[in-house]
Amino acid sequence: QVQLVESGGGSVQAGGSLRLSCSVSRYTSSRYCMGWFRQAPGKEREGVVGFYTGNGATYYADSVKGRFQITISQDNAKNTLYLQMNSLKPEDTAMYYCATRATPCDPSRPADFGYWGQGTQVTVSS
């Protein structure tokens, strides 16, 4: 069973920074897509960033480009995806989820991701 463990999140003022992490283990393949998604109350879940372990390809939603940055830590059978969120805005407030799928690595289609973490809340106040 694939395991996803998320950490980070919290409350900050606008312009502040937060870092989220997602550790994935027990995936049957060494090549898979890891993504961060978010869902605000009353809104659909949207893809924020994606990373494909096979070739290092990355994906950023237009709304976070230039503000969010992902890094990866790989240790044997566990990959940890870090999401550094800078210049946070109140509209970034949401529950953030980590998820994985095999391929393709397309976070614009969250319904295609089969394994999900429990979520972590990010709140940005103005």
Side-chain angles (χ1 to χ4, degrees):
Q1 180 74 16
V2 177
Q3 289 188 334
L4 291 87
V5 179
E6 301 161 343
S7 64
S11 298
V12 294
Q13 291 189 328
S17 299
L18 285 172
R19 190 175 82 155
L20 309 180
S21 67
C22 171
S23 293
V24 178
S25 58
R26 300 184 181 180
Y27 207 91
T28 55
S29 171
S30 62
R31 300 182 178 186
Y32 56 90
C33 179
M34 303 173 68
W36 278 103
F37 302 80
R38 64 187 181 186
Q39 187 167 20
K43 294 188 177 181
E44 293 186 353
R45 190 167 296 187
E46 65 170 340
V48 178
V49 297
F51 176 85
Y52 182 59
T53 64
N55 59 9
T58 59
Y59 163 94
Y60 291 89
D62 288 342
S63 59
V64 304
K65 283 181 181 177
R67 299 189 299 121
F68 290 11
Q69 178 72 41
I70 55 174
T71 56
I72 188 79
S73 172
Q74 297 174 293
D75 179 14
N76 292 326
K78 184 174 75 174
N79 289 320
T80 301
L81 186 68
Y82 298 95
L83 178 61
Q84 179 67 42
M85 304 184 294
N86 301 320
S87 302
L88 283 163
K89 305 175 181 180
E91 51 264 44
D92 293 318
T93 295
M95 184 69 80
Y96 282 69
Y97 299 89
C98 178
T100 65
R101 67 161 300 176
T103 58
C105 196
D106 183 4
S108 69
R109 300 171 59 89
D112 292 341
F113 283 68
Y115 298 99
W116 291 83
Q118 76 281 5
T120 184
Q121 179 68 38
V122 171
T123 302
V124 184
S125 57
S126 58

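What you are looking at is a predicted structure, and each value in this text was computed from that prediction instead of being measured.
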Pair listing, ring pair (Phe, Tyr, Trp, His ring centres under 6.0 Å) test, anchored in residues 62-91, at least two apart: none
Pairs satisfying ring pair (Phe, Tyr, Trp, His ring centres under 6.0 Å), at least one member in residues 1-22, at least two apart: none
Non-neighbouring partners of Y60 that pass ring pair (Phe, Tyr, Trp, His ring centres under 6.0 Å), sequence neighbours left out: none
Ring pair (Phe, Tyr, Trp, His ring centres under 6.0 Å) partners of Y52, counting only residues at least two apart: none
What residues form a side-chain contact (heavy atoms from CB on, under 4.5 Å) with [X], not counting sequence neighbours?
X    : answer
A102 : Y27
S11  : T123
V12  : L18, L88, V124
S63  : R38, A61

Pair K65 + D62: basic N to acidic O under 4.0 Å: yes
Results of side chain to side chain donor-acceptor pair (under 3.5 Å) for T80 - residues two or more places apart only: S23
W116: hydrophobic cluster co-members (side-chain, 4.5 Å): F37, M95, Y97, F113
Non-neighbouring partners of R19 that pass salt bridge (charged side-chain N to carboxylate O under 4.0 Å, His left out), sequence neighbours left out: none
Residue pair N86 / S17: nearest heavy atoms and the distance that separates them: OD1-OG, 2.9 Å
Pairs flagged by disulfide (SG to SG under 2.5 Å) wherever residues 60-104 is involved - sequence neighbours left out: C22-C98
